[in-house]
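Proteins come first, then strands; the chains are lettered A, B, ... in the order of their sequence lines, and each starts at number 1. Only heavy atoms go into these numbers, but all of them, side chains included; no hydrogens, no water, no symmetry mates.
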2 protein chains.
Amino acid sequence: MVPQPHGSGKAEDQLSATFAALADPTRRAILARLLTHEASVAELAEPFQMTTRGVSKHIGVLEAAGLVTRSRDAQRRPSRIRAEPLAEVDVWLQTYRRLWKGRFDRLHEHLASQRKGKHR
Amino acid sequence: MVPQPHGSGKAEDQLSATFAALADPTRRAILARLLTHEASVAELAEPFQMTTRGVSKHIGVLEAAGLVTRSRDAQRRPSRIRAEPLAEVDVWLQTYRRLWKGRFDRLHEHLASQRKGKHR
DNA sequence: CGGTTGCGGAACCATATGGTTCCATATAGT
DNA sequence: ACTATATGGAACCATATGGTTCCGCAACCG
């Protein structure tokens, strides 16, 4: 297999973008704060020991993933949380929920018998 | 603020590791296959046009995040899915669920908590 | 008007990530 | 004893990520 120039950039699907955005504690903390009220970059930055520019970039990632939208209020750009990507995660999780909500064995057996003479 | 040597490596918390692991379509596809049966690296690699080594590395990431465990069967190292990190994601999501599941008011919460202790 | 605030662009840096190749090792099968 | 199969380690590469600094611009406030 040739070294594959590593693709034409990104091609990120929505779910991947969402998970990637959530894979950072700072960004999750930002989301948590937005749960109760909209907030500007400066307001969101205050709890962290990081430059506002750093926080601004995190918000940029959240926005790119659709987890946040920004409006305008004079110079401020208040962020507001968006539910859709999270709802998508919820849907994705649905398939796996049976793994920890009991009754897994029956499901497993069921699926196993369904794929009868395949593999191996 | 000083350039911050960017920490002493990683410091990854579990949730971050889980989200990061899930932020790749290949790895999600692997998890989906493991939902029905354990599988070896070679078996898991077959659907992808990627070297088995590549897939092996993905499995490594999943294992590091605790999403998978491996046993041994001769030379094979069958992977099995683990529910715990996914359950953690589910718990995390819980806080945000009200964003897309209808209204959030006291009555709703009240009814929800009543339902909890009822039946069974 | 001039100063302050809020924010984003650009350049930069160190490290992480996703992939490859090549090789070593372990086990199975003949 | 050989040969084939399954897997992981190491080195390598290109790009992404998380942070910084410095600067510019828009909008507010005296």
Side-chain angles (χ1 to χ4, degrees), chain A residues 1-13 16-30 38-46 48-65 67-80 119-120, chain B residues 1-13 16-30 38-46 48-65 67-80:
Chain A
M1 256 171 222
V2 103
Q4 263 291 97
H6 203 254
S8 42
K10 287 296 308 186
E12 286 290 6
D13 57 296
S16 296
T18 304
F19 279 130
L22 295 177
D24 184 290
T26 302
R27 289 195 290 263
R28 290 197 305 276
I30 289 173
E38 300 197 339
S40 67
V41 174
E43 287 162 4
L44 288 170
E46 167 252 315
F48 306 102
Q49 50 170 157
M50 187 187 312
T51 56
T52 55
R53 191 67 187 91
V55 171
S56 170
K57 282 187 155 198
H58 278 302
I59 296 176
V61 172
L62 290 170
E63 186 180 34
L67 282 159
V68 138
T69 42
R70 276 131 131 182
S71 47
R72 176 165 277 280
D73 166 28
Q75 325 98 300
R76 303 172 60 250
R77 307 291 316 278
S79 297
R80 162 189 302 245
H119 282 297
R120 204 183 305 234
Chain B
M1 254 170 225
V2 104
Q4 261 292 96
H6 202 253
S8 44
K10 288 296 308 189
E12 285 291 6
D13 58 296
S16 296
T18 304
F19 278 130
L22 295 178
D24 184 290
T26 303
R27 290 195 289 262
R28 290 198 304 276
I30 289 172
E38 300 199 337
S40 67
V41 174
E43 287 162 4
L44 290 170
E46 168 252 315
F48 306 102
Q49 49 169 160
M50 190 190 306
T51 57
T52 55
R53 192 66 187 88
V55 171
S56 169
K57 282 188 155 196
H58 278 301
I59 297 176
V61 172
L62 290 170
E63 187 180 34
L67 281 160
V68 138
T69 41
R70 276 132 131 180
S71 47
R72 177 164 278 280
D73 164 29
Q75 324 99 301
R76 305 172 59 252
R77 306 291 314 278
S79 296
R80 164 187 302 244

For a quick test of reading the model: is some side-chain N or O of [X] closer than 4.0 Å to OP1 or OP2 of [N]?
X       : N      : answer
A:Thr51 : D:dT20 : yes
A:Arg70 : C:dC7  : no
B:Arg53 : D:dA10 : no
B:Ser56 : D:dG8  : yes

Can you name the nearest heavy-atom pair linking A:Val55 to A:Met50, along with the distance?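 In this case the closest contact between A:Val55 and A:Met50 is N-SD, 3.9 Å.
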Locate the shortest heavy-atom distance separating B:Phe48 from B:Ala29; write the atom from each residue and the value.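 So the two residues come closest at CZ-CB, 3.8 Å.
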Length of the [atom1]-[atom2] vector between [X] and [N], whole Å:
X       : N      : atom1 : atom2 : value
A:Glu63 : C:dG8  : CD    : C1'   : 11 Å
A:Ile30 : D:dG19 : CD1   : C1'   : 13 Å
B:Lys57 : C:dA16 : NZ    : C1'   : 11 Å
B:Leu44 : D:dT5  : CG    : C1'   : 16 Å
A:His58 : C:dC7  : NE2   : C1'   : 16 Å
B:Arg76 : D:dG8  : CZ    : P     : 12 Å
B:Arg28 : C:dG18 : CZ    : P     : 12 Å
A:Ile59 : D:dG18 : CD1   : P     : 14 Å

Is the shortest side-chain heavy-atom distance between B:Leu62 and B:Ser79 below 4.5 Å?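 Counting from C-beta outward, B:Leu62 and B:Ser79 never come under 4.5 Å.
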Would you indicate whether the side-chain heavy atoms of A:Ile59 and A:Arg70 approach each other to under 4.5 Å?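 In contact.
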Heavy-atom donor-acceptor pair, B:Arg77 side chain to B:Ser40 backbone, under 3.5 Å: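 Not at all, since once roles are kept as given, no pair shorter than 3.5 Å links the two residues.
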Using atom types as modelled and distance alone, determine if a side-chain donor or acceptor of A:Arg72 lies under 3.5 Å from a backbone N or O of A:Ala74.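 Yes; at least one donor-acceptor contact below 3.5 Å.
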Given D:dT20, C:dG8, D:dT7, identify the nucleotide with an atom nearest to the side chain of A:Met50.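 Within the option list, the nearest is D:dT20.
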Which nucleotide in C:dT20, D:dG18, C:dG8 has an atom nearest any side-chain atom of A:Val41: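 Taking heavy atoms from C-beta onward, the closest nucleotide is C:dG8.
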Protein N or O to nucleotides 26-30 of chain D N or O, pairs below 3.5 Å:
none

Checking side-chain polar atoms at under 3.5 Å, does B:Arg28 have a donor or acceptor matched by the opposite partner on A:Ser16?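 Per modelled atom types, B:Arg28 and A:Ser16 side chains form a pair under 3.5 Å.
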Students often get this wrong, so: under 4.0 angstrom with heavy atoms, is B:Ser40 touching a base, only sugar-phosphate, or nothing?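 The residue B:Ser40 makes sugar-phosphate contact but no base contact.
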